[in-house]
Amino acid sequence: MTAPTLEDTVRRESPRRRTPPLWTLRLPGGRELALGGRPRVMGIVNVTPDSFSDGGLWLDPGRAVEHALALAGEGADLLDLGAESTRPAGAAYGAGAEPVSAEEEWRRLAPILDRLRPATRLPISVDTKKGAVARRALAAGADLVNDVSALADPALAAAVAEAGCPVVLMHSRGETATMREHARYDDVAGEVRAELAAALARAEAAGIDRGQTVLDPGIGFAKAGRQNLELLARLPELAALGRPLLVGASRKSFLGELTGRPPAERLAGSLAAALYAAARGGAILRVHDVADTVGALAVWAGLEEAGAARAAAEPAAAGGAR
Ligand code: HH2
């Protein structure tokens, strides 16, 4: 008998995955994205000169499309295109990212969407805070909007409501230049949860279907090192809001603080954080390193499956087996 490959392990239905998905997001064109079983991997494509870990690498549209398709080939479940860096000001990165006008953001995104949309069926998300950019991206074939400001721009809420598409509402406070000053919490998970609940209410008041929302604790956004760790540890408290969670820990500075590594050398830390989030209900993992994350999740799923099968076969032995 030949040993199962990693791919077999990914494909085989694990007990976790046999349960029906908890959420189904409706995408344009009658497509769907099921969430709540195997965690989905969102591949990051930063079309920026100044992103904290890969700024400038994919600014050329041809290279960006190539990179996006490579991430699709590595097993990404969805792609996130961003044309404005959110790099915070502070000790780790110096001055924060420069704000970008809607015109410049769209100038960066348009040629990529033009070429990428016909080239892949994967859901394409656009990482923007601006209603004008979201509207144009949705018209050009994007499937969902990833808003790190959780609807600060009412025009973005209106564009999403009109399109009926999914939206990611991420927790943050202040702007890139000031967010470090806002990293003050008595109870970080309790306050982030309350502020995400308020974002959900804002979305519903703007006519967005609650069933089309995804929530995100905003790792690294107005959070200091330990606050990020506590938020990850307390993800189930955020899941209690009843919506799927997106977690973006990839290469972020709290990993550098723990490992002493610069952004390009944070793969091990990123994988540890991704698996930790997956085990606590993270439904979408936003990552730079897709192939490695998919591989790590395959092993994790295999372990989960073996543990569940053992527990089902011999409940008494499962606890005491050595
Ligand atoms: N993190 C970044 C950007 N967008 N969106 C969501 N929903 N969640 C996140 O955690 C998140 C996000 C920052 O990472 P990156 O895109 O690599 O860097 P930059 O903003 O500098 O381009």
Side-chain angles (χ1 to χ4, degrees), residues 25 35 40-59 64 67-68 71 78-90 92-100 104-105 108-109 123-130 133-134 144-152 156 160 166-173 175-177 179 192 196 199 203 213-223 227-228 231-232 235 238 243-256 262-264 266-267 269-270 273-274 277 282-290 293:
L25 301 182
L35 297 174
R40 303 287 168 181
V41 176
M42 172 185 257
I44 301 172
V45 183
N46 280 325
V47 202
T48 55
D50 53 354
S51 286
F52 78 93
S53 82
D54 55 0
L57 283 181
W58 322 112
L59 200 49
H67 181 55
L71 297 185
L78 57 170
L79 299 167
D80 190 37
L81 305 185
E84 177 178 30
S85 170
T86 57
R87 181 169 50 94
Y93 305 118
E98 281 294 314
V100 173
E104 173 60 15
E105 212 179 314
R108 294 176 187 174
L109 284 171
I124 299 177
S125 146
V126 170
D127 185 345
T128 186
K129 297 182 278 192
K130 300 187 189 79
V133 175
L144 62 147
V145 178
N146 172 20
D147 180 8
V148 299
S149 77
L151 308 181
L156 190 145
V160 167
V167 63
V168 179
L169 305 173
M170 196 200 76
H171 178 270
S172 187
R173 289 176 176 178
E175 301 296 325
T176 50
M179 61 174 68
V192 167
L196 284 175
T213 58
V214 173
L215 301 178
D216 183 335
I219 299 298
F221 287 80
K223 322 279 179 330
Q227 292 162 349
N228 295 297
L231 264 179
L232 287 171
L235 271 188
L238 304 183
R243 297 307 306 152
L245 298 178
L246 186 153
V247 179
S250 184
R251 299 185 186 172
K252 287 194 175 160
S253 63
F254 77 102
L255 301 171
R266 292 180 187 159
L267 175 60
S270 300
I284 303 178
L285 305 173
R286 182 179 180 278
V287 305
H288 300 87
D289 301 288
V290 168
T293 307

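Indexing begins at 1, ligand by ligand and atom by atom, following the structure's order.
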In terms of heavy-atom contacts, Arg108 and Ala83 come closest through NH1-O, 2.7 Å
Working to the nearest 0.5 angstrom, can you tell me the gap between Ser53 OG and Ile44 CD1? 7.0 Å
State, with a plain yes or no, whether a side-chain heavy atom of Gln227 is found less than 4.5 Å away from one of Phe254. no
Looking only at distances, please establish whether an N/O atom of ligand 1 is found under 3.5 Å from an N/O atom of Arg286. yes
Name the one of Leu78, Thr213, Leu35, Val167 that satisfies side-chain contact (heavy atoms from CB on, under 4.5 Å) with Leu25? Leu35
Polar contacts were defined as any N/O atom of the residue lying under 3.5 Å from an N/O atom of the ligand; does this apply to Ser53 and ligand 1? no
How far is atom 13 (C) of ligand 1 from the closest protein heavy atom, and which atom is that? Thr86 OG1, 3.5 Å
With respect to atom 10 (O) of ligand 1, which of Met170, His288, Lys252 exhibits the smallest heavy-atom separation? Lys252
If we number the atoms of ligand 1 from 1 as shown, the ones under 4.0 Å from a heavy atom of Val148 are 4 (N), 5 (N), 12 (C)
Flag side-chain contact, heavy atom, 4.5 Å: His288 against Ser270: no
Taking a cutoff of less than 4.0 Å between a non-hydrogen atom of the residue and any ligand atom, is Arg251 in contact with ligand 1? no
Considering distance alone, does some N or O of Ile219 sit under 3.5 Å from an N or O of ligand 1? no
Return the residue, atom name and 0.1 Å-rounded distance of the protein heavy atom closest to atom 22 (O) of ligand 1. Ser51 OG, 2.4 Å
Nearest protein heavy atom to atom 6 (C) of ligand 1, by residue and atom, and its distance? Asp216 OD2, 3.1 Å
Approximate separation, where rounding is to 0.5 Å, of Leu267 CG and Arg251 CZ: 8.0 Å
Looking only at heavy atoms, what is the nearest atom pair of Leu169 and Leu196, with distance? O-CD2, 3.7 Å
Do you know the tightest heavy-atom contact between His171 and Pro217? CB-O, 3.5 Å
Ignoring angles and geometry beyond distance, decide whether Ser85 reaches within less than 3.5 Å of ligand 1 through its nitrogen or oxygen atoms. yes
With only distance considered, is Asp54 within less than 3.5 Å of ligand 1 through an N or O on each side? no
In terms of atom number and element, which parts of ligand 1 are under 4.0 angstrom from non-hydrogen atoms of Val168? 7 (N)
Report yes if some heavy atom in the side chain of Thr128 is under 4.5 Å from a heavy atom in the side chain of Glu84; otherwise report no. no
In Å and rounded to the nearest 0.5 Å, what is the NE2 to CG distance from His67 to Leu81? 10.5 Å
Please say whether Asp80 places an N or O atom under 3.5 Å from an N or O atom belonging to ligand 1. no
Any atom of ligand 1 sitting under 4.0 Å from a heavy atom of Glu84? no
Element-labelled atoms of ligand 1 that are located less than 4.0 Å from some non-hydrogen atom of Gly248: 10 (O)
Identify, for atom 4 (N) of ligand 1, the protein heavy atom at the shortest distance, and state residue, atom and that distance. Asp127 OD2, 2.8 Å
Give me the residue, atom name and distance of the protein heavy atom closest to atom 5 (N) of ligand 1. Asn146 ND2, 3.1 Å
Would you check if Met170 and Leu246 make a side-chain contact, meaning some heavy-atom pair closer than 4.5 Å? no
